[in-house]
Amino acid sequence: METRTLGRQGLTVSALGYGAMGTAAFYGPTDDTESIAAIRRAHDEGVTFFDTAELYGWGEGEKLLGHALAPIRDEVVIATKFGFTETYGSDSRPGHVREVVDNSLRNLNVDTIDVLYQHIPDPNVPIEDVVGVMKEYVDAGKVKYLGLSNADEDTIRRAHAVHPISVVQEEYSIFDRESEALRPVLEELGIGFVAYSPLARGFLSGATRPRDQYEADDVRQMIGWWAPENFDANVEISRRLGELAASKGITLAQLSLAWLLAQKDYVVPIPGSRNPGRVAQNVASVGVVLTDDDLTRIAEIVPDGAVGSRGV
C-alpha cells in the first residue's frame, strides 16, 4: 500500500483510508458483524487510516471501530471528531469538547486518539479557544495530531496559528469540487487533505437507486443529487463515467477513487463500505493509473460536478 504524508507534523497514513460513518448511521440498517469484517478486511488490504466521529451513532460507531481495531491498534491511525449536538447544531464550548473527547477515548478504548478533528465550526466559540482545548490533549499525550472538518480558509488560518493543523477534511469527489478552493491555503501552510464521501454518497459506487428506494431516514433523502429533477441527469453522468471505467477494466468506484488520488499527493480519500468485497475493490483503486487523456475525458463528462446541490 502506498502511503501519504498529511501535514508537516509526521502524520503518515495509507493512501486510501476507511470512513466508518455508514457502520453506525445515516445509510440504512447496519450489521455489526458485517461492519467489523469490512473494517478488518480494509486493514488486511493495507489500509491504516480509520475515521469515525461522536456523531456516528453517538458513541456506538466509535465503540464498534475500537472493537474491530483492538487487535491491531498499534498498526493503525484512528481519527475521530467532536462538535455536533444531537439536534445537529454545533457545540464546541470548551467544557463540551473535553466531555466528548474523554468519552471518545473510552468509546474507542484507546489511550491516545491519533487525529482529533473539530467536526463543524461553532459560530459561538472562537476557533482559537477550540484549538486551545484540543492542544491541551496534545500536551497531555492523549491526542497526536489536530484536524479541522468543514472549515473555511479563515478558520484554518486562525486555528493553525494556535497549534499546527495536520489535516483538513472536506467532502470531495468527481461530483463535488467546492473544496478545491482550499488548495492554496493548504499548500501554503503544509496541511494534508482527507476527502470524505469520495464516492458522492454512493452515487459513484455503481449501485445507486432512486430516492424512493431508500429508507426514510437515509441521508440520500436529503441530497439534491437524488431529487427527481436531477436524478436522471446524474445517472447519465455516472453511466458515461462507467463506460470509461469499463474501457480500462475497472469499476466506476475505482475510477472515482483513482481520480481523487491523481489530484494531489496530499489527498487521501476515505470511502466507507460495510461489504468486505467492496472494501477490497476500493483499495485496488490505489493501483489504478489514470492517463492525462483519462483525466481530460472525466473533465469533459463532469466539468463542474453533479447536477443539483449536495444539500436539501
With heavy-atom distances below 4.5 Å as the criterion, would you say the side chains of Ile191 and Ile156 are in contact?
yes

If only atom types and distance count, is the side chain of Tyr18 paired as donor or acceptor with the main-chain N or O of Ser273 below 3.5 Å?
yes

For Gln118 and Ile127, which heavy atoms make the closest approach, and how far apart are they?
OE1-CD1, 3.2 Å

Output yes when Arg4 and Asp265 qualify as a salt bridge under the 4.0 Å nitrogen-oxygen rule, no when they do not.
no

Can you tell if the side chain of Glu300 reaches within under 4.5 Å of the side chain of Ile298, non-hydrogen atoms only?
no

Under 4.5 Å between any side-chain heavy atoms of Trp226 and Pro210, yes or no?
no

In this structure, are over 12 heavy atoms from other groups packed under 6.0 Å from Arg93 atom CZ?
no

Under 3.5 Å, is there a donor-acceptor pair linking the side chains of Trp259 and Ser173?
no

Looking at side-chain heavy atoms only, is the closest gap between Phe50 and Leu69 below 4.5 Å?
yes

Thinking salt bridges, do Glu243 and Arg240 make one under a 4.0 Å N-O criterion?
no

Are Ile174 and Leu204 packed together at the side-chain level, in the sense that at least one heavy-atom pair is separated by less than 4.5 angstrom?
yes

Minimal heavy-atom distance between Ala159 and Val131, with the atoms involved, is CB-CG2, 3.6 Å

Would you say Val168 and Leu260 are hydrophobically clustered, going by side-chain heavy atoms of ILVMFWY under 4.5 Å?
yes

Would you mind checking if Arg157 and Glu188 are paired as a salt bridge, meaning a charged N to carboxylate O distance below 4.0 Å?
yes

May I ask you to test the Val97-Pro94 pair for a side-chain heavy-atom distance under 4.5 Å?
no

Mind checking whether Phe82 and Val130 have side chains closer than 4.5 Å, heavy atoms only?
yes

Quick check on Glu178: does its CD atom have over 12 non-hydrogen neighbours (other residues, nucleotides or ligands) under 6.0 Å away?
no

Give a yes or no on whether Ile78 and Val13 share a hydrophobic cluster (residues Ile, Leu, Val, Met, Phe, Trp, Tyr; joining criterion: side-chain heavy atoms under 4.5 Å apart).
no

Test side chain to side chain contact (heavy atoms under 4.5 Å, CB included) on Met1 and Thr48 and set out the steps.
CA-CA 9 Å; Met1 169 66 75; Thr48 63; over 6 Å; no

Of Glu62, Lys81, Glu54, which is the lone residue that meets side chain to side chain donor-acceptor pair (under 3.5 Å) with Ser104?
Glu62

According to a 4.5 Å side-chain heavy-atom criterion applied to Ile, Leu, Val, Met, Phe, Trp and Tyr, with indirect links allowed, do Leu257 and Val194 form part of one hydrophobic cluster?
no

With no hydrogens and no angle check, do the side chains of Asp32 and Ser35 hold a donor and an acceptor under 3.5 Å apart?
no

Can you tell if the side chain of Tyr145 reaches within under 4.5 Å of the side chain of Val138, non-hydrogen atoms only?
no

Tell me if a side-chain donor or acceptor on Gln254 pairs with a main-chain N or O of Thr251 at a distance below 3.5 Å.
yes

When rounded to the nearest 0.5 Å, the distance separating CZ of Arg209 from CZ of Phe231 is 10.0 Å

N-O pairing of Asp114 and Arg73 below 4.0 Å:
yes

Salt-bridged, Lys142 to Glu136, with N to O below 4.0 Å?
no

If I take atom CG from residue Leu64 and atom OG1 from residue Thr52, how far apart are they, to the nearest 0.5 angstrom?
8.5 Å

Could you report the tightest heavy-atom contact between Ser90 and Pro121, atom names first, then the distance?
CB-O, 3.6 Å

Donor-acceptor check, side chain of Asn103 to backbone of Val100, threshold 3.5 angstrom: yes or no?
no

From Ser179 atom OG to Asp152 atom CG, the distance as rounded to the nearest 0.5 Å:
13.0 Å

Please report the interatomic distance CG(Asp232) to CZ(Arg239), rounded to the nearest 0.5 Å.
12.5 Å

Taking all non-hydrogen atoms of both residues into account, name the closest pair between Ser205 and Gly202 and its distance.
OG-O, 2.6 Å

Say whether Asp51 and Gln169, considering side chains only, have a donor N or O and an acceptor N or O under 3.5 Å apart.
yes

Are Arg98 and Asp102 close enough for a salt bridge, meaning some N to O gap below 4.0 Å?
no

Consider only side-chain heavy atoms of I, L, V, M, F, W and Y, link residues closer than 4.5 Å, and tell whether Met21 and Ile270 are in one cluster.
no

Given Val268 and Leu16, is the side chain to side chain contact (heavy atoms under 4.5 Å, CB included) satisfied, shown in steps?
CA-CA 6 Å; Val268 173; Leu16 197 80; 5.8 Å; no

Between Ser92 and Ile120, which heavy-atom pair has the shortest distance, and what is it?
OG-O, 4.3 Å

Backbone of Lys63 reached by a side-chain donor or acceptor of Asn107 within 3.5 Å:
no

What's the separation between atom CD in Glu99 and atom NE2 in His96, rounded to the nearest 0.5 Å?
6.5 Å

So that I know where these two stand, are Tyr196 and Tyr172 an aromatic pair - ring centroids less than 6.0 Å apart?
no

Tightest non-hydrogen contact, residues Glu170 and Ala151, listed as OE2-N, 2.8 Å

Is a salt bridge present between Asp154 and Arg158, judged by a nitrogen-to-oxygen distance below 4.0 Å?
yes

With a 4.5 Å cut-off on side-chain heavy-atom distances among I, L, V, M, F, W and Y, is there a chain of contacts connecting Leu105 to Met134?
yes

Please step through side chain to side chain contact (heavy atoms under 4.5 Å, CB included) for the pair Leu148 and Thr155, ending with a clear verdict.
CA-CA 9 Å; Leu148 299 175; Thr155 300; 4.3 Å; yes

Could you label the plane-to-plane angle of the Phe175 and Trp225 rings as parallel, tilted or perpendicular, counting under 30° as parallel and over 60° as perpendicular?
perpendicular

Apply side chain to side chain contact (heavy atoms under 4.5 Å, CB included) to the pair Asn234 and Phe203, showing each step before the final yes or no.
CA-CA 8 Å; Asn234 289 325; Phe203 218 114; 3.4 Å; yes

Neighbour count above 12 (heavy atom, 6.0 Å) for Asp111 CG:
no

May I ask you to decide if Asp294's main-chain N or O and Thr291's side chain share a donor-acceptor pair within less than 3.5 Å?
yes

Inter-residue atom distance Gln281.CD - Asn275.CG, 0.5 Å rounding:
8.0 Å

Can you check whether Trp58 and Phe84 have ring centres sitting under 6.0 Å from each other?
no

For atom NZ of Lys248, decide whether the heavy atoms of other residues, nucleotides or ligands shown that lie under 6.0 angstrom number more than 12.
yes

